[in-house]
Structures are given as structure tokens and as C-alpha cells.
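First comes the structure, then the notes that go with it.
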Amino acid sequence: MTTPTGPLSGIRVLDLTSVLFGPYAAQMLGDWGADVIKIEPPSGDTWRYTGVFRNRGMSGQFMAVNRNKRSLALDLKHPDGKAALARLIPTVDALVTNVRPAAMARLGFGYADCAKLNPRLIYAAATGFGQDGPWAARPAFDEIIQAASGLASSIGSDEKPEFVPSLIGDKICAMAMVGAVSAALFRRERTGKGQMVEVPMLETIAGFNSIEMLGGHAFDPPIGPTGYKRMKNRRPVRTKDGWLTMLPYSGDNWCAFFEAVGRPELSDELGVRDPVRRSQNIDKIYDRMSEIGPTRTTAEWEELLLRLDVPHTAFAKLTEIGEQPHLEAVGLFAEIDHPTEGRIRQARPATRFSESPAGIHRMAPRLGEHSREVLREAGLSDAEIEALVENKAVGAP
């Protein structure tokens, strides 16, 4: 373990979340310096058991979103477990939860309950659906949100929707949560007042997707169809020996490209000088690109496109992402020795802070690894802690 140096150093966060949305948000707060205490049931976060692992309960997917945290295993259905959490709430700056609000209220830890214990608390609720709407009580998972937000329709079509093959809804909403918690903490520093923050997945992803996908429906009444034509037509370009993506970005850029590949007539044929015509003809442009691509190797294309200053890149394979030239140069993927799980590979925090660098200062914890330590900091005596462990209100190795 090293001392946190990020901009949130000194901020203390209770993480009452599981799976991906909440844990990823809490990990980013930890990457940025916060002391994050992960509250887990005695059985552990279910994400611990999802994916590949060397030791049960420490999957690679779990470790990817739970570093820079300490684990306290608490049974919140046990009165002594509830009492222990109540002792912790006055000691923290923020509480992040993805337990449905009604369930948190039944446990006695809704926003109103927690604000009485700590009026300066930032209480951040990760929800599936806004709590002022008719779906407030529904459970939500990534594919539910991709479907309900229109994202799956825009990836596929209205007739045949498709899911993004990534838990993108959870991850985007996690980033929104980090911004919301940071903003609320900033306001508290000015006013001294805590508040509740809600980040609903459906509203967040529907708004995110609408930016370009509303298309003609961004006007009232609509002046065209939904969707963004270029998104539907863009595709990888097959080269002589692999794959490439390239996108000249201005009329001059396109003209220079077609001149360089010996097809200057395409500039007029496809109307690339005019951004409106270029957008209308994007399907034809990609058809021409698919014809031109196999005339050169990927390396030959990269040499030409660099000279023309045309945005491009070869495709990185998931199995080789650590060797992608730029990512390798900046050291995005770090190989780290975990005290129990051996050598692991993770992406370091991508955000750079010049005066308060983010970093990995603590490995993902084993279930209940820090239970005694955290409760001791909250003022419980060793005798009280051992009694909690003995009656199974607290889990500790």
C-alpha cells in the first residue's frame, strides 16, 4: 500500500454497492485519492464470483473495479450490523449505494436517516430509473437499460435491436456518478451542506444516446428520421493484410486523400467538398473505401495517411491490447503483484492530475479483510469488534 496522492485525498467514502455501476464509480473515487470502505454482505459482492479467478471470490472482473478500497463485511439484516454501520456514517464524507432506495429505507439507511446522523453527508444513489417516475421500484441491469433507452435500437435497428457487447450502461453511469459526487463535495465545501445525489441509468443513457441519435427528431415537429447516417455506415476497411479505420475529416482532407490514391474523380462524384453532400453520401464513400483498402498493406496505408494527416489507426486485438503502440508507450496497463492473487494486469487511472496524481495505492481486498481495522477507526473497542464477529454481524478473516 502507498499513500493516496489524488485530488480527493482526505475524503472518506462508504461504498454500499455491488456488481459494476456502483463499484466502478467508487473505485474511481479511490483512484482519485479517496479512502473508500466497501461494505459487503457476509457472502460478498456477487461480482467477486463472476469471471475467471485463481482463488474463489477474487475474479479478475472484481479486482478491476474494486482496487483502492478496504472491505468491511457487515450483515445489515442483523441489528448489530446495522448499529456498526450507523457508527461509521458520521465519520465519512460520502456514501454511494446501488441498493434500491426503498430497500435502503427499510434497512433504516435512506437519505433522511443518514442525513440525521451526518448532515454534511453526500448521499449518492445509483438507480435504474429516476425515483420520480413510474418505474422507480423496478430492478435494472445493463441490457434492460440498453433496451429501454433506445441504445439497442440505434446499434441495430427498430426492427432488429442489438446490444453493445459491453456493459456500457453501467460504465457510463459510473463516470456520471463520479462527476456528480465530486460536484456535490465541491458545493459542500462552499456551503457546509450535504445533499442527496441520484444518477438514474435510464435517464443518463437515454440522454447520452440522444445527442446524435435523435437526428431529425431533435426538432419539433420532426424534420427527418432518427439516427445518424455515418454511424450506421462506418465500418472497418480491409487492407491487403489486415484491417484499418481511416476518416479524412474535411473537404480538403478528402480531396488530398483521393488524389494520393489515384482516384481524384471521386472528390466530385461523392461531393466530399461540401459537408452536407458528404454526409448524404457517406454510404457510397464507405463503399469506395472498401474497394480502395485492399490495394495497400496496413503499414503502407499508415505511412501514407500520416503524411496526409488523415485520422486513422490499425485495429488492436483484445489479446494484444497491451502492445498497442500508444498504450504501451504511456504505460496504461500495469502488471502488479497482488498479495494473494499473484501477478495481475490492470489499466491504471487514465485521468492525469498535474499536482495531485491519481494512482493505484491499494489492491482489491479479500472479503472482510479490513473489517477490524475500519471498525476500530470508528471507535469500537477490540472486545466490541470480536463480539460482532462472534455473533456473525461482522465477517472477518
Item to check | Asp35 and Lys69: CA distance, side-chain angles, deciding distance, salt bridge (Lys or Arg N to Asp or Glu O under 4.0 Å) verdict | outcome: CA-CA 7 Å; Asp35 174 18; Lys69 301 180 185 182; over 6 Å; no
Checklist entry - So Arg366 and Thr340, side-chain contact (heavy atoms from CB on, under 4.5 Å) or not? Walk me through it. => result CA-CA 9 Å; Arg366 291 173 291 119; Thr340 62; 3.6 Å; yes
Could you tell me whether [X] and [Y] have a side-chain N and a carboxylate O separated by less than 4.0 Å?
X	Y	answer
Arg296	Glu303	no
Arg288	Glu291	yes
Asp93	Arg12	no
Arg345	Glu335	yes

Item to check | Val164 reachable from Tyr228 in the ILVMFWY side-chain graph, under 4.5 Å edges | outcome: no
Can you give me the closest heavy-atom contact between [X] and [Y], atom names plus distance?
X	Y	result
Pro4	Gly33	CB-O, 3.5 Å
Ala358	Pro349	CB-CB, 4.0 Å
Phe129	Pro200	C-CB, 3.8 Å
Gly368	Pro397	O-CD, 3.0 Å
Gly271	Asn281	N-ND2, 4.4 Å
Leu8	Ser182	CD1-OG, 4.5 Å

Nearest-0.5 Å distance, [atom1] of residue [X] to [atom2] of residue [Y]:
X	Y	atom1	atom2	result
Ile145	Leu167	CD1	CG	12.5 Å
Glu212	Thr226	CD	OG1	11.5 Å
Asp268	Arg273	CG	CZ	5.0 Å
Ile285	Ser290	CD1	OG	12.0 Å
Ile344	Arg54	CD1	CZ	8.5 Å
Leu76	Ile39	CG	CD1	7.5 Å

Item to check | All side-chain contact (heavy atoms from CB on, under 4.5 Å) counterparts of Thr351, not counting sequence neighbours | outcome: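 For Thr351 the side-chain contact (heavy atoms from CB on, under 4.5 Å) partners, ignoring immediate neighbours, are Trp32, Phe353.
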Crowded around [X] [atom1]? As in, over 12 foreign heavy atoms under 6.0 Å?
X	atom1	result
Phe208	CZ	no
Arg190	CZ	no
Glu189	CD	yes
Phe141	CZ	no

For [Y], is there any backbone N or O sitting under 3.5 Å from a side-chain donor or acceptor partner on [X]?
X	Y	value
Glu40	Asp45	yes
Thr91	Leu88	yes
Glu320	Glu323	no
Asn55	Glu341	no
Ser59	Trp47	yes
Gln27	Ala64	yes
His370	Leu72	no
His312	Val310	yes
Thr239	Gly293	no
Asp170	Leu20	no

Taking the side chain as C-beta and beyond, is there a heavy-atom pair between [X] and [Y] under 4.5 Å?
X	Y	answer
Ile11	Leu185	yes
Met246	Phe257	yes
Thr5	Ser356	no
Asn391	Asp80	yes
Leu121	Tyr111	no
Leu151	Met213	no

Next on the checklist: Quick one, Lys392 with Asp75, criterion salt bridge (Lys or Arg N to Asp or Glu O under 4.0 Å). Give me CA distance, side-chain angles, the key distance, then yes/no.
Outcome noted: CA-CA 8 Å; Lys392 301 190 184 305; Asp75 183 355; over 6 Å; no
Under a 3.5 Å threshold, yes or no: a donor from one side chain and an acceptor from the other, between [X] and [Y]?
X	Y	result
Asp241	Thr298	yes
Asp252	Ser250	no
Ser153	Asp158	yes
Asp309	Asn253	no

Next on the checklist: I'd like to know whether Ser166 forms a side-chain hydrogen bond (donor to acceptor under 3.5 Å, both in side chains) with Lys171, so could you lay out the CA-CA distance, the side-chain angles of the two residues, the decisive distance to 0.1 Å, and finally the verdict.
Outcome noted: CA-CA 9 Å; Ser166 172; Lys171 291 182 277 190; 2.9 Å; yes
Next on the checklist: Arg348 vs Asp31, test: salt bridge (Lys or Arg N to Asp or Glu O under 4.0 Å). Steps then yes/no.
Outcome noted: CA-CA 9 Å; Arg348 62 160 172 77; Asp31 286 351; over 6 Å; no
Checklist entry - What residue among Asn66, Asn68, Thr17 forms side-chain hydrogen bond (donor to acceptor under 3.5 Å, both in side chains) with Lys38? => result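 So the option named by the test is Asn66.
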Next on the checklist: Checking Glu369 against Arg70 for the salt bridge (Lys or Arg N to Asp or Glu O under 4.0 Å) test, could you report, in this order, the C-alpha distance in whole Å, the side-chain angles of both residues, the deciding distance, and whether it holds?
Outcome noted: CA-CA 7 Å; Glu369 180 178 344; Arg70 296 186 287 168; over 6 Å; no
Item to check | Pairs touching residues 112-139 that satisfy side chain to side chain donor-acceptor pair (under 3.5 Å), sequence neighbours left out | outcome: Thr127-Glu198
Next on the checklist: Could you walk me through whether Asn209 and Ser154 satisfy the side-chain contact (heavy atoms from CB on, under 4.5 Å) test, starting with their C-alpha distance in whole Å, then the side-chain angles of each, then the deciding distance to 0.1 Å, before giving a yes or no?
Outcome noted: CA-CA 8 Å; Asn209 193 50; Ser154 62; 3.3 Å; yes
Checklist entry - Between Ile292 and Trp301, is a side-chain contact (heavy atoms from CB on, under 4.5 Å) present by the stated rule, with each step listed? => result CA-CA 11 Å; Ile292 294 168; Trp301 273 121; 3.4 Å; yes
Item to check | Intermediate values then yes/no, side-chain contact (heavy atoms from CB on, under 4.5 Å), Val96 and Leu14 | outcome: CA-CA 6 Å; Val96 181; Leu14 281 181; over 6 Å; no
